[in-house]
K.L.:
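First the structure, which I've put down as structure tokens, then a few questions once you've had a look.
Note on naming: letters A, B, ... go to the chains in the order of the sequence lines (proteins, then strands), and numbering restarts at 1 for each one.
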Amino acid sequence: MKRDLLLSYRRKSDLVNPLIFFLMVATLFPLGVSPDPTFLADVAPGVVWVAALLATLLSMDSMFRSDFEDGTLEQILLSPQPLYLVVLAKVLAHWMLTGLPLTLLAPVLGVMLFLPAEGMGGLVLSLLLGTPTLSLIGAIGAALTVGLRKGGVLISLLVLPLYIPVLIFGSAAVQGAVTGLPLGGYLAILGAMLSLGLVMAPLAIGAALRISVSG
Amino acid sequence: MKRDLLLSYRRKSDLVNPLIFFLMVATLFPLGVSPDPTFLADVAPGVVWVAALLATLLSMDSMFRSDFEDGTLEQILLSPQPLYLVVLAKVLAHWMLTGLPLTLLAPVLGVMLFLPAEGMGGLVLSLLLGTPTLSLIGAIGAALTVGLRKGGVLISLLVLPLYIPVLIFGSAAVQGAVTGLPLGGYLAILGAMLSLGLVMAPLAIGAALRISVSG
Amino acid sequence: MSTPRLKIDNLFCERDERVLFEGLCFEVNAGEVIQIEGQNGSGKTTLLRILSGLSRHFEGDIYWQGEHLDNCAQAYRESLLYFGHQPGVKAVLTPRENLQWYASLHPEMDLTKLDYALVKVGLKGYEDVPCHTLSAGQNRRVSLARLYLSRAPLWILDEPFTAIDKRGVAEKEALITTHAQEGGTVILTTHHELAMGDKIRRLNLDQLAGTL
Amino acid sequence: MSTPRLKIDNLFCERDERVLFEGLCFEVNAGEVIQIEGQNGSGKTTLLRILSGLSRHFEGDIYWQGEHLDNCAQAYRESLLYFGHQPGVKAVLTPRENLQWYASLHPEMDLTKLDYALVKVGLKGYEDVPCHTLSAGQNRRVSLARLYLSRAPLWILDEPFTAIDKRGVAEKEALITTHAQEGGTVILTTHHELAMGDKIRRLNLDQLAGTL
Amino acid sequence: MADKKWMPRWFYQLASPRWCYEITGKLLPLFVIAAILLLVTGTVWALAFAPADYQQGNSFRIIYIHVPSSILAQSCYMLMAVAGAIGLIWKMKVADMVAKCCAPIGASIAVLSLATGAIWGKPTWGSWWVWDARLTSMLILFFLYLGIIALNSAIESERTAAQSTAVLALVGLVNIPIIKYSVDWWNTLHQPATFKLTERPAMPAEMWVPLLVMVIGFYCFFAVAMMLRLRNEIIQRERRSSWVRDLIAG
Amino acid sequence: MSFESFAEFIDMGGHGLYVWLSYAIALVVIVINIVNPLMHKRHIFTEQARRLRREKQS
Ligand code: HEM
Ligand SMILES: Nc1ncnc2c1ncn2[C@@H]1O[C@H](COP(=O)(O)OP(=O)(O)OP(=O)(O)O)[C@@H](O)[C@H]1O
Ligand SMILES: Nc1ncnc2c1ncn2[C@@H]1O[C@H](COP(=O)(O)OP(=O)(O)OP(=O)(O)O)[C@@H](O)[C@H]1O
Ligand SMILES: [Mg+2]
Ligand SMILES: [Mg+2]
């Protein structure tokens, strides 16, 4: 089941786009703010995390929209497969196409923004735990707005408040890693958010989808 | 003609969404990076400009997509009205719904990020000249990708490189205003980019739309 | 059988203060084909979406083989094939991939007949081109190929013949007749003149909604 | 007239290495109705999009009243009404607003008849609800209302009767006949059986493409 | 193709993929030889014989890669835009193909320019990367190449892809003068131009002559890479014409 | 000749790593740009030859 969804999604080859967006957002900062290396090293954890968050957010809107418009979403809701699993598979596929490559690319960004080498581990770990949570939360927003004719920006409105805790702990973890503090606590919180999300979010997404389609 | 388009677009009431996105990006920054006022005052010009840029970018994808999907784009291309004007009107409408309110809201953001009062004038002026250019450039990207089944993130890939100069001069203008340097030069460049965009971009948008629809 | 396949009891639906139907009661048995008739906007699609469980904007009760739909949602979905106004075809995937995807959602489906089904709907040679390069009718044919693969007894078809050419319509009509003869149930809407004549039961929504 | 309204000369079109038509030549005069026939995927939509100037995936020449289309694009667009697979109706706008929007693109249109047109297509009472709450057929009716408002001599209609109920089809057929009698030209495709009988000229793409 | 009789004959011929395939077949060996000769002499000269810079020492020798690649990356972009425009206006197939072939080559050359610049920056400025105007505009050029490649691969129909990328390339053309004049408009870390049409170079001849050799060598290399790709592209698109069939069969 | 010995040539006055790295990257870029189209050409020819054969059969 999961493999099917993944397979079908692979074809979209959207893979590389969020990545390049991620890279670009990160380059916007030194350009717009200040190119001074010590300054950049200071803000790097936050900037990378904000960029990751925005990249996820941007890719979120299209998650269910095309399914809604061409009627495949109806078919998903009418299938005898448990909706929980189908939704989870869809979110997982989304994460593998955005969050995961983003995490893998993050060290490159770190170098570009002069992030000290000690921070790299924390950066990758925190993103690894944080980005799936972002995908899960984002999918709730996407499911809620899919039936509306506007979407697009509305979704960020719904989702961003929920993203903020992830952002705070994620960037705190990286900053901790840079200054040599123990990361365990932050990562544990990120992990807890992820597991909570894994259990609850698919339920919310499923319910939201049913409501949106029934409207 | 223009009024008609504006009218029809007003109904979408998308008005408030890019605004709130704009606000949120700006609040993410102190959260993700550092809430220290002097630090924030330093980065404020850049952050506000990056936020404005991303808000525009986010709203760009939907500019022609729904028109393409429901067939109104075909009707526009088949209308005897000069395409140049129709496209210009559409971009103008887009700007009035995103760029303009964004510009008006920017001082609030400035205050939130402790931007010194001297910078406010420069901020508003630079956004006033810069955001229409962003809309014009973005519309080129939107027109090029409208026929594709992916869009979404591809558009940022195409458009961001062209946004970078606007960003650089825009935030430089604000920084100049903060430090009390004369703004004239920066604003002149922003104005020049805008007029170049006003003349050339509608041509490119029109050509891109014809190509996309014919594909 | 004494309990009907599908029993609709006292269905009421209004949209935007327009009553579409009220006190609608009917039963459908195995082997029956029911055509919902009515002019544009009379509520055919709304009714079919309610019956399929997609829409919940209604009052009244629906029973599937004697059980209330709320209590047997899972079993009902297993025995249902729904074909809506939007055909549910992904434009970036090929016809073959689209059907495989659908089959992964419906494990009881017979995938070995996939190629046969694609030939049957006239898409031979188009199995592996992305659907957005297909014509309007070909896209709907991709979705109709599901009819050849499905083992679900209940088919709910909303204007299945839209954009299909005459030969295609005749073939699909034959398929529907066969399905009914084998004990299946079909509820469909169409504005085409069906050649099945009297083998079909008609239900006119116009009279119910008083739009005529 | 000695010069035909529309002259198609040696048209060639291939998509994905499939030749759809080749050496296609025909002329259309004022007062004529031409129905393009062919099975699904035979190239009807492609041909109509080429004729309307939307698609440029072709080789060959098209002349409008004796002039090459490249040289009189503006005049051609003024005299053309195109109705495609997508009806060109904005879901967030109301039927009235949709038509007003269309009229703003076509300044020669007669807006005083707007209410009359909406009544004619059976949308009385729905003038001011957003189109996404309308049924499939009602949405297409909104777009068809343009036929009552337009003064363009050339109509290109791609399956105008999709999702329209029987009474609607009959009315639209009558409208098309009237338009032709008044000196207009209609090029259309449809899989419906038209009642106009012999007043219509048919052009079958299947034979051209060799798909039959 | 109805009323274009005013165009010179070679323009017509150039528009014929077959003629283009044959002529590049003849030109290719010439350019291969020229490229090898120039690049080898240039490299040996640059690495072993040119004098070291009195300020930068031997790291200066990077210039012999850096400057040719920087210049070439921009020229390649301009060629792409011009070819794209020709393809748009005159619907010339070969121009579309040239434009398409430019993008990957140009992107790789831009990478080379960026990489050598970054490597050079480490010993001279003390950091791999600074956000200066020329560096940034060069990075934008690279991003533009990436955007064009992405757009091209996202569109299935060859004609549509060619036209769309042509529009994008033309729009991106505004970046070229920015790269060129960024060093004059803003006072930056980066060196101003070495070669100007109006003046003699400020460097001693032993330094700039090998540079010139390398620049010309890079152009010849570009011609080779271009022709190789173009010939592939021609075969790919003309695969159903009889002459390509014969070519492949025989 | 601006170098006395081969070792000095390799060292490049302490900047050896940078200089040689640059030239190596240049070489890689050049080679890629030559090899890639050549391999692609082989691919196209075999592909098209197979297609021709298939067409002849049917
Ligand atoms: C990643 C960093 C760099 C980039 C992207 C870059 C880019 C460029 C570009 C675009 C040119 C213009 C060629 C032309 O159009 O004439 C150029 C030329 C040049 N660069 Fe760099 N450069 C970088 C770093 C450096 C460094 C570190 C140095 C030496 C300190 C340097 C020295 C030169 C010199 C001497 C020229 C020749 C000037 C001319 O002829 O115009 N560059 N570079
Ligand atoms: N964008 C495209 N790219 C490649 N092939 C296409 C494209 N659009 C259409 N085709 C092909 O052209 C053929 C004709 O399509 P067209 O839409 O004209 O058919 P049609 O006659 O209108 O069919 P229908 O009755 O189903 O509407 C189809 O076989 C289709 O595969
Ligand atoms: N989301 C909605 N909100 C409000 N009203 C709706 C909504 N969807 C449908 N309606 C109304 O319900 C009525 C019935 O619509 P429905 O789509 O069921 O018609 P239909 O019989 O299928 O027509 P058609 O033959 O055109 O497909 C219409 O008058 C429409 O205005
Ligand atoms: Mg309906
Ligand atoms: Mg069609």
K.L.:
Give a yes or no on whether D/Tyr116 atom OH has more than 12 heavy-atom contacts from other residues, nucleotides or ligands under 6.0 Å away.
P.N.:
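At most 12 heavy atoms, drawn from other residues, nucleotides or ligands, come within 6.0 Å of this atom.
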K.L.:
Check this for me: B/Met120, atom CE, are more than 12 non-hydrogen atoms of other residues, nucleotides or ligands nearer than 6.0 Å?
P.N.:
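Yes, the 6.0 Å shell around CE holds more than 12 heavy atoms from other groups.
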K.L.:
Begin with the C-alpha distance, continue with both residues' side-chain angles, and end with the deciding distance and a verdict on side-chain contact (heavy atoms from CB on, under 4.5 Å) for D/His106 and B/Ser79.
P.N.:
CA-CA 6 Å; D/His106 290 262; B/Ser79 98; 4.0 Å; yes
K.L.:
Might you point out which heavy atoms bring B/Gln81 and D/Leu105 nearest each other, and give the distance in Å?
P.N.:
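Nearest pair, atom of B/Gln81 first, then D/Leu105: CG-O, 3.3 Å.
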K.L.:
Checking D/Arg56 against chain B: side chain, backbone, both or neither under 4.5 Å from a heavy atom?
P.N.:
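Both backbone and side chain.
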K.L.:
Identify the two heavy atoms, one from D/Leu54 and one from B/Ser214, that lie closest to each other, and give their separation to 0.1 Å.
P.N.:
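Nearest pair, atom of D/Leu54 first, then B/Ser214: O-CB, 3.2 Å.
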K.L.:
For residues D/Ser52 and B/Leu78, report the shortest heavy-atom separation together with the two atoms involved.
P.N.:
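For D/Ser52 versus B/Leu78, the nearest heavy atoms are O-CD2, 3.2 Å.
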K.L.:
Provide the closest heavy-atom pair for D/Gly88 versus B/Thr72 in the form atom of the first, atom of the second, distance.
P.N.:
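Closest approach of D/Gly88 to B/Thr72: O-CG2, 3.3 Å.
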K.L.:
Would you mind checking which part of D/Tyr102 comes under 4.5 Å of any heavy atom in chain B, side chain (CB onward), backbone (N, CA, C, O), both or neither?
P.N.:
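Just the side chain, heavy atoms under 4.5 Å.
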K.L.:
Using every non-hydrogen atom in the two residues, find where D/Gln86 and B/Glu69 come nearest and quote the distance to one decimal.
P.N.:
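Where D/Gln86 meets B/Glu69 most closely, the heavy atoms are CG-O, 3.0 Å.
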K.L.:
What option among D/Leu80, D/Asn98, D/Asn139, D/Val89 has the most heavy-atom pairs under 4.5 Å with chain B?
P.N.:
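Most heavy-atom pairs within the cutoff with chain B belong to D/Val89.
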K.L.:
Provide the closest heavy-atom pair for B/Pro80 versus D/Pro107 in the form atom of the first, atom of the second, distance.
P.N.:
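Smallest interatomic distance, heavy atoms only, reads CG-CD, 4.3 Å.
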K.L.:
Quick one: CZ on D/Phe83 to CD on B/Glu74, what's the gap to the nearest 0.5 Å?
P.N.:
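It comes to 11.0 Å.
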